[in-house]
Amino acid sequence: MRVLVVEDEKRLAAGLRNGLEAEGFAVDVALDGTDGLWMARERPHDVIVLDIMLPGVNGYTICRTLRHEKVWTPILMLTAKDGEWDEVEALDAGADDYLTKPFSYAVLLARLRALLRRGARRRPAVLTAGDLRLDPATKQVTRGGVEVALTARELSVLEYLLRRSGQVVSKREILDHVWDYDFEGDPNIVEVYVGHLRNKLDRPFGRQSIATVRGSGYRLASDGP
Ligand code: CA
């Protein structure tokens with residue numbers, strides 16, 4: 001198994017190389033983001049350990065770029081600060097897992113083994129259905145390249161529908177995933193939001209991507225290029 005370590009702290013990078021080689025991994029090390037991105041593109045790796053704060057190109061950008069280029073090598077991100085935001089951003093960028101520094105070497109190995117078991121799967125950071133596109137990290141939504149402004153709640157409903165694209169999703173499921181668990185209002189609120197989405201994303205573009213499945217719920221499908 002070949003692992004790429006992108007880490008600018010030399011001692012940590014050297015420690016990871018020695019430790020991982022002792023475990024039988026073939027290890028490539030990049031000490032800055034530019035080299036890291038180049039190595040990730042040029043050589044096949046089974047897993048990538050990626051620091052966030054790097055000279056050259058940062059870890060988020062490397063991760064996004066690779067996913068954009070359909071490189072699905074599992075990525076474990078090393079987050080320096082233990083802020084929730086870093087971890088959210090790492091996952092939104094298309095990372096598979098993260099570990100907060102300082103970390104235990106045994107935990108790192110266990111996480112890497114778990115990622116290797118799962119292998120490389122398609123998991124785009126940006127959600128699409130035809131020419132409808134949502135980037136969960138930047139909250140930017142476009143239809144055919146045209147940016148569409150959505151409220152926070154509309155975005156959440158759309159994100160859920162896109163994540164389940166092609167499947168029938170019930171109002172109850174949408175309610176459970178988008179609204180707080182203690183929501184006690186009218187479940188038909190979901191209809192209202194689906195109506196908003198159709199008014200913003202379908203009608204002005206002559207599309208019908210959100211179908212009502214009578215008695216069951218909704219299905220979002222790609223409509224258009
Ligand atoms: Ca760093």
Side-chain angles (χ1 to χ4, degrees), residues 1-128 133-140 152 155 159 163:
M1 289 292 182
R2 178 168 290 274
V3 55
L4 171 63
V5 174
V6 188
E7 169 60 68
D8 62 317
E9 288 168 47
K10 290 203 176 103
R11 280 184 56 194
L12 179 55
L16 287 172
R17 178 197 284 282
N18 292 337
L20 291 168
E21 280 179 351
E23 294 292 325
F25 286 96
V27 184
D28 291 323
V29 172
L31 294 170
D32 65 60
T34 316
D35 274 1
L37 183 56
W38 183 83
M39 287 166 91
R41 279 170 165 157
E42 293 303 311
R43 301 183 198 170
H45 294 96
D46 298 292
V47 66
I48 299 172
V49 177
L50 182 59
D51 187 30
I52 291 176
M53 299 303 288
L54 291 163
V57 188
N58 73 41
Y60 296 131
T61 305
I62 291 175
C63 193
R64 266 176 204 290
T65 305
L66 292 173
R67 297 312 188 221
H68 183 70
E69 293 174 357
K70 302 197 182 341
V71 176
W72 308 116
T73 311
I75 294 177
L76 175 81
M77 273 207 170
L78 302 178
T79 61
K81 298 163 279 180
D82 49 348
E84 189 189 356
W85 186 244
D86 275 352
E87 289 140 17
V88 170
E89 210 170 336
L91 297 175
D92 278 342
D96 300 87
D97 199 359
Y98 57 82
L99 207 52
T100 305
K101 290 182 188 176
F103 51 83
S104 124
Y105 186 69
V107 172
L108 173 79
L109 273 179
R111 299 281 186 90
L112 289 181
R113 280 195 295 265
L115 289 178
L116 288 167
R117 277 198 298 274
R118 281 194 257 159
R121 285 174 296 136
R122 239 184 82 81
R123 41 190 158 354
V126 174
L127 303 167
T128 58
R133 196 171 182 281
L134 163 66
D135 183 339
T138 62
K139 307 293 179 203
Q140 192 194 41
L155 269 167
E159 181 174 347
R163 288 196 187 281

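Both counts, for ligands and for their atoms, begin at 1 and track the order of listing. These numbers come from the heavy atoms of this one structure, side chains and all, not from hydrogens, waters or symmetry mates. For this chain, numbers begin at 1 and follow the sequence in order.
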(request) Would you sort out whether R113 and D97 count as a salt bridge (charged side-chain N to carboxylate O under 4.0 Å, His left out), showing the intermediate values? (result) CA-CA 12 Å; R113 280 195 295 265; D97 199 359; over 6 Å; no
(request) Determine, for R67 against D96, whether the closest basic-nitrogen to carboxylate-oxygen distance falls under 4.0 angstrom. (result) yes
(message) Measuring from atom CZ of R17 to atom CD of E7, what distance do you get when rounded to the nearest 0.5 angstrom?
(response) 13.0 Å
(message) Ignoring waters, how many N, O or S atoms from the protein are under 3.0 Å from the Ca ion (ligand 1)?
(response) 3
(message) As an exercise, state the distance from CG of L16 to CG of L78, rounded to the nearest 0.5 Å.
(response) 7.0 Å
(request) Check salt bridge (charged side-chain N to carboxylate O under 4.0 Å, His left out) between R64 and all other residues, then give those that pass, not counting sequence neighbours. (result) D135
(message) I52 and side chain to side chain contact (heavy atoms under 4.5 Å, CB included): which single residue from I62, V6, T79 fits?
(response) T79
